[in-house]
Protein chains: 2
Amino acid sequence: MKEATLKEIAEKLGISITTVSKALKDYPDVSLKTKEAVISLAKELNYSPNSFAVNLRTKESKTIGLIIPEIVHHFFSNVINGIVAEAEKNGYLVIILQSNESLELEKKQVALLINKRVDGIIISLSNESNDDSHLMEIIARKIPFVQFDKIAKLIHSSKVVINDQIAARNAVQHLIDNGYRKIAHIRGPLNPQNAIDRFIGYKKALEINNIPFDPSLVYTCEKVTFQEGIDFAKQIMADHPDVDGIFAITDLVAVGVLSYFNDIGIKIPEQVAVIGFSNWFMSQVLTPKLSTVDQPSHEMGVTSFKLLLEEMNCHKKEIPFSPRTIELETKVIARESTFKKNNI
Amino acid sequence: MKEATLKEIAEKLGISITTVSKALKDYPDVSLKTKEAVISLAKELNYSPNSFAVNLRTKESKTIGLIIPEIVHHFFSNVINGIVAEAEKNGYLVIILQSNESLELEKKQVALLINKRVDGIIISLSNESNDDSHLMEIIARKIPFVQFDKIAKLIHSSKVVINDQIAARNAVQHLIDNGYRKIAHIRGPLNPQNAIDRFIGYKKALEINNIPFDPSLVYTCEKVTFQEGIDFAKQIMADHPDVDGIFAITDLVAVGVLSYFNDIGIKIPEQVAVIGFSNWFMSQVLTPKLSTVDQPSHEMGVTSFKLLLEEMNCHKKEIPFSPRTIELETKVIARESTFKKNNI
DNA sequence: CACACAAACGAAAACGTTTTCGAATTACCG
DNA sequence: CGGTAATTCGAAAACGTTTTCGTTTGTGTG
């Protein structure tokens, strides 16, 4: 009942381990007769190579590591899906870790993956990440490395992103085009590059349309939760009763806003229009249906793995690899929550 | 710039590999002096044991495999989260695979994990799974094994489940208690045990309340999608315009129903009450808010890993392990979509 | 028949660790 | 001081594979 090994097959056939190994890997210097004998016996014994030994010998594990801030998250679970599918298609397995938006945990997990000697690492940074030392370590060890979505701009690695500035600008422009003028922004935390970029996009859109930027219309999430959406919606109506549009950093927050407005009877979009970001599934089934920005999450996963694979292949053959940055397309999805105002 | 090894440390210190290994693992037969010297040099060289070699030597990889039907799914992503968190807490990493509800893929993936020699396997079966041979293989190889949610009853392994019959019965009882009598059921596919059990629970509830069971009120999903919810809602209203309640196999389908009714102006719950299953996040933000059955998904993940860990520990020490089945509690979450009828 | 050459196989090293068991040294005690 | 016991160390095997480089045998050619 034990696991079959090359040695066992060799002994039963009265040949050497070397020949058995070669026969199974279809080397040209094994006669057809022995090849057949070996293959047939291997099948019979249900032989499969001991991957631990193969890993040690070949110095690769055909396994990659993936670190993301949150698994239970429409965007990230879609990315996971893309990565896992593409990886499997190419013979790789994926170890998933969740940083819980904690820099400390993220660092531990990078160390963990390095120790495990994964063949490559894909990461989307936590909101706390303002320190690059663990990423530098990955680079220093020459481990193939791809960042996506929430990236450290200054780290010289491949990246898969969207153009958050333009995407956000388009979202706000959509509000403006539909007649909304006094637009609040519920932004993400101060650290992450994409929260910064979306904020910049928000300002740009105002600027282009000659709407003065009012800092008091900007509200900053700490955790980017549904509850914060509710809280800020309340706050906004208290601070600025005449606001007529809200652009939220992500759909989850926008849904909080919607939920609060629905509960207290504020009409959307008649009184306030709302647009989110990321096109979460639920946004299309809410009342009113939420306008948002579509972000190709699954494709982001697939592309990230493809880039990593390229680098891993170069790494194996010891040919140099130049990191690339790929920018994927987004588009505004107009739904009920931003219907054109009647008076225009 | 190369990876430090025991050999290197030994040579630099003029001692044997054995002693270095022992020093790092705090064996009692190494003098304090050499221990300190070794540890300090190891730190300096940034030594970390080559996990490939450790795996080969110890025959374990501190890695488990997880196969689920769908990653982008509120219930499953919560389970993943629970498993990954609990695993990491105990020094294990998790390889995730998605069967896409395909038996064929599921079988391949089990084979993959066996070949990778993971220390244990956790699985929730695909809807197609009506063949146990791949699961038998896991048992035959004595690989620690836990099933959760969608299980093969006859396979002798640990299991983590809810009581689907009772949970479904409670959901339907809730509808009946609130005055609904003609209740349709949108059930899951014919194969999965939990779809069968929920259907049985539905029938039981009717029986207890002396409501005759009408097979034409039962609709069977193939893929359990949002779209099927829409389609069946339409179908139900065509077939039985006087239906006043719907129990759906899962929230996603219930949301489809809600969405269709909202679109065509059928009032919920005044005309038809709707209850789902699983308590997906979005169900609380819909209009109307969806009643459902809470299923402790995160806890299900945590519990699954704990059971697996127990078995892995026994396996290592070669002491026998008896598989256990753990049943977690569910409870009906009453929201707007099933408000009590006025006339009772 | 000698020689070259191809075909088929195997010995052995290497990957880096863990662990057993015996050897060497030191300390202790009567 | 002889002997025992404790302390400290290291040689070597083992885990199972891959791959290099010989060696042997058989085949064909001049």
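A note on names: the letters A, B, ... follow the listed sequences, proteins ahead of strands, and every chain is numbered from 1.
Annotation: of the two residues near DNA chain C, A:Ile15 and B:Ala4, the 5′-most nearest-nucleotide partner is A:Ile15. Heavy-atom nearest nucleotides on DNA chain D were determined for B:Thr34 and for A:Lys7, and the one closer to the 5' end corresponds to B:Thr34.
One can place CZ of B:Phe52 at 25 Å from P of D:dA14, the figure rounded to the nearest angstrom. At whole-Å resolution of the value, NZ in A:Lys59 and P in D:dT17 are 18 Å apart. Rounded to an integer number of Å, the gap from B:Leu24 CG to C:dT19 P is 13 Å. Remark: C1' of C:dT20 and CD1 of B:Ile17 are 16 Å apart, rounded to the nearest angstrom. Atom NZ in A:Lys22 sits roughly 14 Å away from atom C1' in D:dT17 (whole-Å rounding). Atoms CD (A:Glu11) and C1' (C:dA11) sit 15 Å apart, rounded to a whole Å. In this structure, A:Leu6 atom CG and D:dT19 atom P are separated by 12 Å, rounded to whole Å. B:Asp29 has its CG atom 15 Å from the P atom of D:dA6, to the nearest Å.
Heavy-atom contacts from other residues, nucleotides or ligands closer than 6.0 Å to NZ of B:Lys12 number 12 or fewer.
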Verify salt bridge (charged side-chain N to carboxylate O under 4.0 Å, His left out) between A:Arg324 and A:Glu310, making sure each step is shown before the conclusion. CA-CA 10 Å; A:Arg324 293 208 313 270; A:Glu310 254 187 68; 2.9 Å; yes
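Between B:Val38 and B:Val30, the closest side-chain pair of non-hydrogen atoms is not below 4.5 Å. Between B:Met300 and B:Phe75 there is a side-chain heavy-atom pair separated by less than 4.5 Å.
Distance from the side chain of B:Arg57 is smallest for C:dT19 among the nucleotides D:dG16, D:dC9, C:dT19. Comparing D:dA11, C:dA8, C:dT17 by their closest approach to the side chain of B:Ser16 singles out D:dA11. Proximity note for A:Ala53 (side chain, C-beta onward) versus D:dC15, C:dT18, D:dT17: the nearest is D:dT17.
Within the nucleic acid shown, A:Asn50 comes within 4.0 Å of sugar-phosphate atoms alone, with no base atom in reach, counting heavy atoms only. Residue B:Ser31 is classed as a sugar-phosphate contact, given heavy-atom separations below 4.0 Å to backbone atoms only. A:Thr5 comes within contact range of the sugar-phosphate backbone alone, with a heavy-atom separation under 4.0 Å but no base atom that close.
Remark: A:Thr19 is in phosphate contact with C:dG10, judged by side-chain N or O atoms under 4.0 Å from OP1 or OP2. A close approach under 4.0 Å does occur between a side-chain nitrogen or oxygen of B:Ser21 and OP1 or OP2 of C:dT18. Here A:Tyr27 reaches the OP1 or OP2 of D:dT19: one of its side-chain N or O atoms lies under 4.0 Å away.
The CD1 atom of A:Ile123 sits 5.5 Å away from the CG atom of A:Leu125 when rounded to the nearest 0.5 Å.
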